[in-house]
There are 2 protein chains.
Amino acid sequence: MATLEDVARQAGVSVSTVSRTINRPDMVNADTRTRVEAAIDDLEYRPNRVARRLRRLDGRAHMLGLLIPDIQNPFYSDVVRGVEDVAYARDAAVILCNTDETSDREQFYVDVLKAESADGVILPPIARSDLNLDIKNIGMPLVFFDRRISDASVDTVVVDNERGARDIVNHLIELGHRRIGLINGPETIATSAERAAGYRRALHDHGIPFDDELVREGRPTRDAGKALTDELLRLDHAPSALFAANNQLALGVLESVREHDLRVPEDIAVVTFDDAPWAKLLDPPLTTVRQPSYEMGRRAAELLFDRIASPDRAAALIVLQPELVVRASCGSGMDT
Amino acid sequence: MATLEDVARQAGVSVSTVSRTINRPDMVNADTRTRVEAAIDDLEYRPNRVARRLRRLDGRAHMLGLLIPDIQNPFYSDVVRGVEDVAYARDAAVILCNTDETSDREQFYVDVLKAESADGVILPPIARSDLNLDIKNIGMPLVFFDRRISDASVDTVVVDNERGARDIVNHLIELGHRRIGLINGPETIATSAERAAGYRRALHDHGIPFDDELVREGRPTRDAGKALTDELLRLDHAPSALFAANNQLALGVLESVREHDLRVPEDIAVVTFDDAPWAKLLDPPLTTVRQPSYEMGRRAAELLFDRIASPDRAAALIVLQPELVVRASCGSGMDT
DNA sequence: TTGTAAGCGTTATCAA
DNA sequence: TTGATAACGCTTACAA
């Protein structure tokens, strides 16, 4: 790899002139500039990003960190793609960090990102508060996504979870459902709590009493979704509809329903938070609330670059709107 | 962030002693070592990875590049996770690069990875041969995955595509199918060619004449899969079974079948290459060939670290075996 | 407008 | 066993 010095030699100038040609072209004489540019082309010179990053306060050679629980969850794949497209447009590279929501991995990646002098980090706020503190003190711009946190000092982009949940539960109710089961993640996570709130709100708005027997929460995994649904289906007075609060839980809900040989929607209606490419392929096609997950990533990355450019602007909170996608998995409902 | 110098001052030694304590603990006096280690703990010192990487031939502060077409394709998400888990275990960070198989993005990321002095790169061989050449000359260890290439000088991990395709087509034939449609990617891509070969091989082994009317290829996308299937379904003598050669095509195939109001498997059997979390939720559950995609990533990363450790060992070719997952989407077959 | 030189945080070489 | 110091490739005062 050619270095600044190689270019300087070839162009017959000093390294600083070459550097200037690259970073402040207007400050160099037109003739020298062409000469230097020729040398750069000739040697296929590319600035070494590591050397650039070694200098503090350097605005070039951007490197972003992106912490997510698990790339195998399609919601996060979408977010990652959104972030990366923005990063690409700005010549930035992104370090991908799967944490499994595990403090070991979170700690490791936070350390790595610091040690890499990353220009900023995008991540969902972390449950463990001490680590969160560590992250607040990470010393570089931060953007939260997916989950909001009471602390309003950090740029954040989320979706209106309560509204999404409310919309889809309303839909169920309007179709005649009264006993609606909710399979949710732990309410200690903001998204789960908000979706539960939307569920309760829809019930309340229609004067349907809240029955906590119908609400189950557990880890937001496929297996948990299945086990929780099994519980609900074994109830004496089983629900006529099931609402899975995210895509992983949905997989488990659907699996359980299938194993119980229940027809959808004749025997039971099923709806989910998070749309998926395969949702319309199910029989019947699944009614869902679509989160703009790609856009969430995009906006988060834009917020981050904004923040890098103006470190002192007030923190922004972007609330994206979910969209109810009505397909056929709710039937016409029935009061059981 | 504390630096080596801070630690040195605090411990009352020179920076080289601190550096040595970290990198060659055995070469430093036990007393000084404890003193230095105390200072390190005290200041929460972490080596700056950027500075480490600036020095050539440095074996610490690993940084890997991972080029994939698109993280939103679950096959690649799995691979990424496999790579990352190995990287994490070795304290390495990975830069994620979505290329869309586009030479602009490929070029950009290859440049970035060079400029970041990455320790190595994992990627599927790239179709455009000039870029491939560029990549061969990238000057850092390389591991290919997914697609094999005639050039045997690069470490490679692939799946036995021909066998996978053969197995699943055999399965179809044994169930009585004779007219089997193949929805494939472009045969210029090695994986597509191999899967087509497996398809032909199964036909041939059973004395079924090859009918190229039943084989359609196009871009490996959902839309293409749908359009291609539409074509097949409009045939006078339509196939009794459809084989989608990858997960994106499968989505389109399934969509087309559904829009034609065909029952599976009564009217038509459907099978796919690539298993998916939702494959068993379909009605009927989908018979597939499962690729060990996570393991592909894992093995690729291991190969890369091996290569970094021993740059001169002979190139390895790892061929992973796919697994036929029989579910119910093939019925008992019928000769139409 | 250009060049010299210091500095970013490490590691490696060489002397002590 | 330890410490000075050069080097990695770049940017940026500062001087010319």
Side-chain angles (χ1 to χ4, degrees), chain A residues 1-37 39-40 43-63 91 111-112 114-119 139, chain B residues 1-37 39-40 43-63 91 111-112 114-119 139:
Chain A
M1 289 270 289
T3 70
L4 261 197
E5 202 178 334
D6 298 327
V7 178
R9 189 166 26 235
Q10 166 120 355
V13 295
S14 74
V15 289
S16 25
T17 300
V18 180
S19 176
R20 242 179 260 115
T21 308
I22 294 169
N23 300 308
R24 287 174 171 48
D26 44 303
M27 296 189 69
V28 10
N29 176 291
D31 285 358
T32 18
R33 184 165 59 210
T34 27
R35 206 143 32 89
V36 171
E37 278 164 351
I40 288 177
L43 298 174
E44 295 188 336
Y45 169 77
R46 300 274 178 283
N48 181 313
R49 298 171 67 102
V50 179
R52 279 186 156 181
R53 212 125 39 73
L54 185 54
R55 301 193 38 85
R56 283 178 311 199
L57 302 176
D58 176 49
R60 285 160 271 270
H62 285 304
M63 175 69 90
D91 283 6
D111 287 347
V112 165
K114 279 189 197 166
E116 285 287 348
S117 310
D119 301 273
Chain B
M1 288 268 291
T3 70
L4 262 196
E5 203 177 331
D6 299 326
V7 177
R9 189 166 25 234
Q10 166 120 355
V13 296
S14 72
V15 288
S16 12
T17 299
V18 180
S19 178
R20 239 179 261 117
T21 308
I22 294 168
N23 301 307
R24 287 172 169 49
D26 44 304
M27 296 189 69
V28 8
N29 176 292
D31 286 356
T32 21
R33 183 164 60 212
T34 27
R35 206 144 31 91
V36 171
E37 279 163 353
I40 289 178
L43 298 172
E44 296 189 336
Y45 167 78
R46 300 274 178 284
N48 181 312
R49 297 172 66 104
V50 179
R52 278 185 156 182
R53 213 126 38 73
L54 186 56
R55 302 196 39 86
R56 283 178 310 200
L57 303 176
D58 176 50
R60 285 161 271 270
H62 286 303
M63 175 68 89
D91 283 5
D111 287 347
V112 166
K114 280 189 197 167
E116 285 288 347
S117 309
D119 301 274

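Chain letters run A, B, ... following the sequence lines, proteins first and then strands; every chain starts at 1.
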Original post:
dG7(C) P sits how many Å from N48(B) CG, rounded?
Top reply: 18 Å

Subject >> Angle between terminal axes - the helix from dT1(C)-dA16(D) to dA16(C)-dT1(D), 5 pairs each end, rounded to 10° >> reply: 50°

**OP:** Find the distance I22(B):CD1 to dA12(C):C1' and express it as a whole number of Å.
**Re:** 15 Å

Original post:
When you measure from the side chain of N29(A), which nucleotide among dG9(D), dT2(C), dT11(C) comes out closest?
Top reply: dT2(C)

Subject >> Contacts of type side chain to side chain donor-acceptor pair (under 3.5 Å), residue E37(B), not counting sequence neighbours >> reply: none

Subject >> Those residues that, when tested against T21(B), pass side chain to side chain donor-acceptor pair (under 3.5 Å) (two or more places apart) >> reply: none

**OP:** Applying side chain to side chain contact (heavy atoms under 4.5 Å, CB included), name anything that partners V112(A), two or more places apart in sequence or on another chain.
**Re:** F108(A), E116(A), R49(B), A93(B)

Protein and nucleotides 14-16 of chain D: nitrogen or oxygen contacts under 3.5 angstrom:
none

Subject >> side chain to side chain contact (heavy atoms under 4.5 Å, CB included) against M1(B), all qualifying residues, sequence neighbours excluded >> reply: K114(A)

Original post:
Nearest-Å distance, CG (L43(A)) to P (dG9(D))?
Top reply: 14 Å

**OP:** Specify the separation, in whole Å, of atom CZ of R24(A) and atom C1' of dT1(C).
**Re:** 14 Å

Original post:
How many Å lie between CZ on R52(B) and P on dG9(D), as a whole number?
Top reply: 18 Å

**OP:** Check side chain to side chain donor-acceptor pair (under 3.5 Å) between S16(A) and all other residues, then give those that pass, not counting sequence neighbours.
**Re:** S14(A)

Original post:
The side chain of T32(B) lies closest to which of these nucleotides: dT11(C), dC10(D), dT2(D)?
Top reply: dT2(D)

**OP:** Just jot down the side chain to side chain contact (heavy atoms under 4.5 Å, CB included) partners of S117(A), sequence neighbours excluded, or say none.
**Re:** R53(A), N48(B), V50(B)

**OP:** Give me the residues of residues 10-18 of chain B where at least one heavy atom lies under 4.0 Å from an atom of DNA chain C, by number, or none.
**Re:** S16(B)

**OP:** Round to the nearest Å and state the distance from E5(A) atom CD to dC8(D) atom P.
**Re:** 8 Å

Original post:
By side chain to side chain donor-acceptor pair (under 3.5 Å), which residues pair with T34(A), not counting sequence neighbours?
Top reply: none

**OP:** Measure the distance from CG on N23(A) to C1' on dT2(C) and round it to the nearest whole Å.
**Re:** 16 Å

Subject >> Residues which pass side chain to side chain contact (heavy atoms under 4.5 Å, CB included) with R46(A), listed by chain and number, not counting sequence neighbours >> reply: D111(B)

Subject >> From dG9(C), dT2(D), dT12(D), nucleotide with atom closest to A51(B) side chain >> reply: dG9(C)

Original post:
Could you give the distance from CZ (R52(A)) to NE2 (H62(A)), rounded to the nearest 0.5 Å?
Top reply: 10.0 Å

Original post:
M27(A) CE to dT11(D) C1': how many Å, rounded?
Top reply: 13 Å

